[in-house]
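Just below is one structure, and these are the notes that go with it.
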Amino acid sequence: MQDASLSRNIPWTKLSSQSFSNMFQNIKSALLPIPKKLQKNGQTFIIPKKLIIHTSNCHDIRYKHACNSILATISTSLQVSPVTQEHKTNEYILTIGTNILSKRGKIKSGGYHIHISNDFICIMANDISGFISGTKTLAQILKTCLIDKTRIPGLHIEDHPDYPWRGFMIDAARAPAPIEYIKHIIEICSEAKLNFLIFREGDDELSAVRYKHLPLGHENPFSFSFQQIRELIHHAYLHGIEFIPEIESLGHSAAKRIHYPELVKGGGKLEYPPLGYHMRKMHMDPNNTQSLNLIHKMFEEWMQVTTAPFIHLGCDEVKLPLSVQETYLRKVLSVFDKASVNAGKVFKPIVWSDAPLIDSAANVTRCLWCYEEHHDLHGPPSLENTFLKNQNINQCYEDDRHTVFMAGGSGSGHTPYSRGSFPDVIENLIHWSKLGSHKANWLGILAVQWSGNMLNQWLGDFFAVAELGWNAADASTSTRRICQQIQSYLNRVTTVDPRHFPGYQEMWDGIVLKDGQFHRDYVITPEHY
């Protein structure tokens with residue numbers, strides 16, 4: 001069953017030698033997220049020279065990839081005899097050793113059970129997301145305790161996520177990064193059970209994608225072809241991560257002005273001494289019917305490649321009257337529905353929550369946003385936060401027709417390395433996690449990455465969402481404990497220096513940095529304005 005092409009091992013630092021009696025405590029401290037139920041059973045699984053692997057009769061490529069990843073973690077040199085068995089179609093099972101399937105307790109959606117005994121290791125789930133999560137937990141256990149590559153302490157784990165969606169956002173338009181670097185970050189985030197990525201395809205600085213039937217992105221030397229986007233989507237999919245594009249449908253549209261100057265209006269100058277200025281927060285002209293035609297064509301190209309159930313439409317920070325935005329948003333949603341029908345697919349639109357609140361609440365997921373930088377004026381995320389009140393947070397909380405995402409973490413300024421402090425970031429995400437924990441229609445939480453393409457610097461934010469999205473915060477959740485937990489996890493994960501990836505240049509707001517300072521600007525030149 002093992003297929004090297006499906007196994008990309010993430011490098012982890014080797015732990016120092018330790019006695020077998022201490023392994024259970026080391027495992028407890030090494031897992032992220034922390035399982036809800038973790039018990040030792042006094043048994044030990046000793047890996048034989050010849051392994052028998054029992055797998056479900058499942059043809060989902062994600063299932064096969066997850067199984068192969070576990071085998072690669074144990075050893076690449078063992079003799080493996082795979083046995084595929086018939087199971088119910090709603091069961092995802094992997095057993096290593098004797099195929100003894102104990103009576104299964106109820107497994108919640110997205111959850112899994114793991115049992116390690118003298119005779120076997122077994123992962124069980126009722127859905128593919130739960131099975132992938134189970135393999136991630138087992139992989140963390142194996143990497144922690146396989147000092148001599150033979151012994152694994154007996155355990156029983158029952159676990160499930162509190163939020164079904166736990167994710168991260170990559171600002172590819174302002175912070176271009178090579179495709180292999182993004183794949184590397186996807187793999188690391190998958191290990192922590194994050195399950196969606198929002199990929200910003202455009203902003204005021206650059207278009208991150210070269211469209212096939214549009215000129216957008218062809219001026220950007222760092223943009224991805226749609227073939228590369230397919231590659232990223234497939235890679236994320238294999239690792240249990242849904243790739244959700246954010247297609248700017250109204251605001252943050254200055255990059256479109258290179259090719260469509262008649263369609264983009266508004267905005268203001270932001271100076272980047274000594275290089276010049278960028279135009280920021282420009283928007284599509286809502287009174288020009290060609291604006292909708294352009295957005296429609298962008299939707300059509302993305303809908304041919306994306307496999308996620310959501311597509312993000314942006315619509316934040318627009319300097320237009322709400323009535324004008326509302327009229328335009330209704331038209332965008334109509335265009336979105338038409339493109340979906342033409343693609344023969346079903347997508348649900350997401351908008352940032354400062355977009356107007358419109359009647360079709362049941363069909364639009366709203367993404368509230370508040371970062372640590374907003375705390376000084378408004379405090380942490382809450383129903384009383386005036387910044388969030390302007391995003392209709394109270395209506396989102398009171399009206400169960402709204403499905404809601406929560407975006408938090410560190411904000412960024414328009415100067416290199418301007419990020420918030422880690423404890424403040426954790427506090428922000430803890431408040432978000434608490435706020436939506438009792439609302440079934442508040443689907444998930446994500447950490448954003450803005451401006452800079454040093455993605456590994458945002459891994460702490462991403463891992464915090466992995467923990468707080470899996471185990472929703474409550475009154476006892478300590479900022480200090482979460483900080484220590486994440487830092488411990490970061491110390492065990494070895495990331496590849498981004499400078500080792502071909503084509504990488506450290507960038508901030510679309511400008512190459514040298515010695516920590518702005519050096520070369522790839523963004524629109526003044527004549528394009």
Side-chain angles (χ1 to χ4, degrees), residues 1-2 7 9 12 14-58 63-64 66-88 91-107 111-126 130-160 191:
M1 182 175 181
Q2 195 162 1
S7 300
N9 285 325
W12 285 62
K14 290 185 178 180
L15 301 179
S16 59
S17 296
Q18 53 205 314
S19 67
F20 188 67
S21 61
N22 292 330
M23 280 189 182
F24 180 75
Q25 189 57 43
N26 289 329
I27 287 169
K28 284 182 67 176
S29 63
L31 296 181
L32 185 95
I34 298 172
K36 288 181 169 58
K37 181 178 180 179
L38 170 63
Q39 298 173 330
K40 55 183 176 180
N41 58 25
Q43 302 188 50
T44 303
F45 182 79
I46 300 176
I47 298 179
K49 292 183 179 179
K50 181 177 180 180
L51 281 178
I52 299 178
I53 310 299
H54 304 269
T55 63
S56 298
N57 187 23
C58 177
Y63 172 84
K64 296 177 181 178
C67 291
N68 287 333
S69 296
I70 288 297
L71 298 183
T73 302
I74 294 175
S75 175
T76 56
S77 60
L78 291 175
Q79 184 179 354
V80 177
S81 298
V83 178
T84 300
Q85 295 194 333
E86 293 290 342
H87 292 289
K88 295 178 182 178
E91 291 181 349
Y92 295 81
I93 299 173
L94 168 66
T95 305
I96 301 172
T98 304
N99 188 31
I100 301 174
L101 295 179
S102 57
K103 189 174 181 179
R104 304 192 316 142
K106 184 178 180 181
I107 303 177
Y112 63 93
H113 290 179
I114 294 177
H115 192 74
I116 303 175
S117 72
N118 291 333
D119 302 310
F120 66 90
I121 300 173
C122 185
I123 304 173
M124 296 178 285
N126 288 336
F131 182 79
I132 291 173
S133 292
T135 62
K136 301 306 180 184
T137 296
L138 181 58
Q140 291 179 19
I141 292 171
L142 295 174
K143 290 169 183 173
T144 303
C145 69
L146 283 179
I147 298 170
D148 56 9
K149 299 292 186 182
T150 60
R151 297 178 296 169
I152 306 170
L155 301 169
H156 180 68
I157 296 175
E158 295 181 12
D159 202 12
H160 67 273
E191 287 290 318

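Only heavy atoms go into these numbers, but all of them, side chains included; no hydrogens, no water, no symmetry mates.
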Exercise for review: Give the minimum heavy-atom separation between Cys58 and Tyr92, together with the two atoms involved.
Suggested key: SG-CE2, 3.6 Å
Study note, to complete from the structure: Of all heavy-atom pairs linking Leu94 and Cys67, the shortest is CD1-SG, 4.1 Å
Revision key, fill the gap. The reported gap from CZ in Arg151 to CD1 in Ile47 (rounded to nearest 0.5 angstrom) is 11.0 Å
Exercise for review: Apply side chain to side chain donor-acceptor pair (under 3.5 Å) to Asn41 and list each qualifying residue two or more places apart in sequence or on a separate chain.
Suggested key: none
Exercise for review: Work out which heavy atom in Ala30 is nearest to a heavy atom in Thr144; give both atom names and the distance.
Suggested key: CB-OG1, 3.4 Å
Review point. Rounded to the nearest 0.5 Å, how far does CG of Leu31 lie from CG of Leu38?
Key: 6.5 Å
Review point. Do the ring planes of His113 and His156 sit parallel (below 30°), tilted (30 to 60°) or perpendicular (above 60°)?
Key: perpendicular
**Study point:** Considering all heavy atoms, the nearest Ile107-Asn126 contact
**Key:** O-ND2, 3.2 Å
**Study point:** From CD1 (Ile152) to CD1 (Ile116), nearest 0.5 Å
**Key:** 6.0 Å
Practice item. For residues His54 and Phe120, establish whether the separation of their ring centroids is below 6.0 Å. Key: no
Revision key, fill the gap. Here the gap from Ile157 atom CD1 to Lys37 atom NZ, rounded to the nearest 0.5 Å, amounts to 11.0 Å
Check your understanding: Would you find a donor on one side and an acceptor on the other, under 3.5 Å apart, between the side chain of Asn118 and the backbone of Thr44?
Key -> yes
Practice item. Calculate, to the nearest 0.5 Å, the distance between atoms CG and OG1 belonging to Leu71 and Thr135 respectively. Key: 11.0 Å
Practice item. Before accepting this row, confirm whether a basic side-chain N of the pair Glu191/Lys143 lies closer than 4.0 Å to the acidic partner's carboxylate O. Key: yes
Check your understanding: Which pair of heavy atoms, one from Cys122 and one from Thr95, lies closest together, and at what distance?
Key -> SG-OG1, 3.4 Å
Revision key, fill the gap. For Gly111 and Ala125, the nearest pair of non-hydrogen atoms, with its separation, is O-CB, 3.5 Å
Review point. Are the side chain of Ser56 and the backbone N or O of Ile93 linked by a donor-acceptor pair below 3.5 Å?
Key: yes
Exercise for review: Any chance you could measure Ile121, atom CD1, to Ile114, atom CD1, to the nearest 0.5 Å?
Suggested key: 9.0 Å
Review point. Got Tyr63 and Thr55 here, is their nearest side-chain heavy-atom distance under 4.5 Å?
Key: yes
Review point. Between the main-chain N or O of Lys36 and the side-chain N or O of Asp159, is there a donor-acceptor pair closer than 3.5 Å?
Key: yes
Check your understanding: Among all residues two or more places apart in sequence or in another chain, which pass the side chain to side chain donor-acceptor pair (under 3.5 Å) test with His160?
Key -> none
Point to revise | Under the side chain to side chain donor-acceptor pair (under 3.5 Å) test, residues paired with Thr137 that sit two or more places apart | key: Tyr112, Lys193
